[in-house]
> 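Once you've had a glance at the structure underneath, I'll fire off some questions.
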Amino acid sequence: MNQQPNFLSEFRFRLPDWVAGFLPPPGHVFRNDEEKMRLAIDLARENVRRDTGGPFGAAVFDRDSGRLIAPGVNIVVPACWSGGHAEMVAFALAQQAFRTHDLGGHGMPFCELFSSTEPCAMCLGAAPWSGIRRLVCAAADEDARRVGFDEGPKPDDWVAGLEQRGIAVRSGVLKNEAVAVLRDYADQGKPIYNARQDGS
């Protein structure tokens, strides 16, 4: 690319317009892991159906109250932002809501992230810095790789690594539902972005 891009002095991103109306009313209580995960997967599915991003959804919850803090959907392609993964969007919105960079700081609620797919290398790296204290996933890393997504170089013992940092991990919650969203996205021929595993 020879053209010099215009430099912007501030960074903003927007969730797709449909997300606000898709969420339950404020104060809704999610009673268990399955209900929380179903929201993350439903966000991913709707993102595919509406063609507003990739097949990934996430949400940050207050564990103790069962209330949603922030949703996230993948907006990589429409936002022209490689960092626009569902987990990163949910982290950012939760941190902005609390006006802090650290969701695990003094006086904060017990924040947990529910993600429709296990984290890629970027989102895995961001998890400890976000301040979340629990991570719950549906589809596995290999499910995303199977449809063509490049999840990046991750250590085999990433779960133990997070747990050593005080982040509890649970995987496989409603896995089949999340895998179906990934497969549907791929079957529709939608873009499998940043899939240059060979570095080309």
Side-chain angles (χ1 to χ4, degrees), residues 15-16 18-50 52-76 84-95 97 103-104 109-124 126-128 130-147 149 151 154 158-159 162-163 166-186:
L15 284 173
W18 59 264
V19 173
F22 188 80
L23 300 174
H28 176 84
V29 174
F30 293 80
R31 296 171 297 176
N32 52 48
D33 284 358
E34 287 71 25
E35 288 188 5
K36 294 170 186 175
M37 184 58 75
R38 183 151 284 117
L39 175 64
I41 294 170
D42 286 348
L43 286 166
R45 184 182 297 111
E46 193 71 4
N47 208 34
V48 173
R49 188 181 79 79
R50 293 181 181 255
T52 49
F56 305 97
V60 175
F61 292 91
D62 176 342
R63 183 199 63 179
D64 297 330
S65 72
R67 292 181 177 172
L68 174 68
I69 296 171
V73 294
N74 180 286
I75 56 172
V76 167
H85 291 201
E87 300 96 322
M88 302 296 283
V89 170
F91 287 156
L93 291 175
Q95 290 165 345
L103 298 175
F110 188 114
C111 292
E112 53 185 1
L113 176 75
F114 281 69
S115 180
S116 66
T117 304
E118 289 177 352
C120 69
M122 174 179 66
C123 298
L124 174 62
S130 73
I132 61 163
R133 295 160 67 184
R134 186 169 183 247
L135 170 65
V136 182
C137 309
D141 179 280
E142 56 264 27
D143 298 315
R145 293 181 192 271
R146 195 170 292 120
V147 300
F149 284 101
E151 297 298 277
K154 292 169 54 178
W158 66 269
V159 171
L162 288 184
E163 291 179 340
I167 301 173
V169 179
R170 181 183 179 195
S171 297
V173 177
L174 304 182
K175 175 177 176 172
N176 290 341
E177 293 184 28
V179 170
V181 175
L182 294 171
R183 290 176 177 165
D184 182 52
Y185 181 88

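Everything numeric here is computed off the predicted structure, so don't read it as measured data.
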> Restricting to non-hydrogen atoms, name the atom on Val169 and the atom on Val159 that form the minimum distance, rounded to 0.1 Å.
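Residues Val169 and Val159, closest heavy atoms: CB-CG1, 3.9 Å.
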> Quick one, Phe61 and Leu39 - any side-chain contact, counting heavy atoms below 4.5 Å?
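They are in contact (side-chain heavy atoms under 4.5 Å apart), so the answer is yes.
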> Leu182 versus Thr117: any side-chain heavy-atom pair under 4.5 Å?
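They are in contact (side-chain heavy atoms under 4.5 Å apart), so the answer is yes.
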> Roughly how far, to the nearest 0.5 Å, is CG of Leu124 from CD1 of Ile167?
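Ile167 CD1 to Leu124 CG: 8.5 Å, rounded to 0.5 Å.
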> Are the side chains of Asn47 and Ile75 in touch, meaning some heavy atoms are under 4.5 Å apart?
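No, every pair of side-chain atoms sits at 4.5 Å or beyond.
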> Quick check: does any side chain N or O of Lys154 sit under 3.5 Å from a backbone N or O of Pro119, one acting as donor and the other as acceptor?
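Here the side-chain-to-backbone pair exists.
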> Start with the C-alpha distance between Phe114 and Ile41, add both sets of side-chain angles, then the distance that settles side-chain contact (heavy atoms from CB on, under 4.5 Å), and finish with yes or no.
CA-CA 9 Å; Phe114 281 69; Ile41 294 170; over 6 Å; no
> A side-chain contact here means heavy atoms from C-beta on lying under 4.5 Å apart; do Val48 and Arg45 qualify?
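No, every pair of side-chain atoms sits at 4.5 Å or beyond.
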> Which one of Lys36, Arg133, Arg63, Arg170 satisfies the salt bridge (Lys or Arg N to Asp or Glu O under 4.0 Å) criterion with Glu112?
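Result: among Lys36, Arg133, Arg63, Arg170, Lys36 is the only option passing the salt bridge (Lys or Arg N to Asp or Glu O under 4.0 Å) with Glu112.
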> Identify the heavy atoms of Ala70 and Leu93 that sit nearest to each other, and give their distance.
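The answer is CB-CB, 3.8 Å.
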> Please lay out, stage by stage, how Val19 and Thr52 fare under the test side-chain contact (heavy atoms from CB on, under 4.5 Å).
CA-CA 10 Å; Val19 173; Thr52 49; over 6 Å; no
> Which heavy atom of Ala44 sits nearest to which heavy atom of Gly57, and what is that distance?
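Taking Ala44 first and Gly57 second, the nearest heavy atoms are CB-N, 3.4 Å.
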> How long is the span from the CG atom in Asp62 to the CG atom in Leu103, to the nearest 0.5 Å?
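Output value for this atom pair is 11.0 Å.
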> Check whether any side-chain heavy atom of Leu135 sits under 4.5 Å from a side-chain heavy atom of Glu87, and report yes or no.
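Sidechains of Glu87 and Leu135: no contact.
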> For Ala139 and Lys175, which heavy atoms make the closest approach, and how far apart are they?
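Residues Ala139 and Lys175, closest heavy atoms: CA-CG, 4.1 Å.
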> So that I can tick it off, tell me whether Glu46 and Arg49 are bridged by a salt bridge, with the cut-off set at under 4.0 angstrom between side-chain N and carboxylate O.
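Result for this pair is yes, salt bridge flagged.
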> Measure the spacing between OG of Ser116 and CG of Asp143 and express it to the nearest 0.5 Å.
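One finds 10.5 Å between OG of Ser116 and CG of Asp143.
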> If you count every heavy atom of other residues, nucleotides or ligands that lies below 6.0 Å from Arg134 atom CZ, does the total exceed 12?
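Enclosed.
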> Taking C-beta and beyond as the side chain, do Val89 and Val73 meet within less than 4.5 Å on heavy atoms?
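Answer no - side chains too far apart.
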> Quick one: does Glu177's side chain get under 4.5 Å of Val181's, heavy atoms only?
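Sidechains of Val181 and Glu177: no contact.
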> Mind running side-chain contact (heavy atoms from CB on, under 4.5 Å) on Leu174 and Arg38 for me, showing each step along the way?
CA-CA 7 Å; Leu174 304 182; Arg38 183 151 284 117; 3.7 Å; yes
> Distance-only, no hydrogens or angles: does the Asn74 side chain make a donor-acceptor pair with backbone N or O of Pro55 under 3.5 Å?
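Not a single qualifying donor-acceptor pair exists.
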> Can you check whether Leu43 reaches Leu23 side chain to side chain, under 4.5 Å on heavy atoms?
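Yes; the side chains approach each other to less than 4.5 Å.
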> To the nearest 0.5 Å, how far apart are SG in Cys123 and CG in Leu113?
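Atom-to-atom, Cys123:SG and Leu113:CG are 8.5 Å apart.
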> Taking all non-hydrogen atoms of both residues into account, name the closest pair between Cys137 and Met37 and its distance.
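Taking Cys137 first and Met37 second, the nearest heavy atoms are C-CE, 3.4 Å.
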> So which heavy atom on Pro24 is nearest to which on Phe30, and how close?
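That would be CG-CZ, 3.5 Å.
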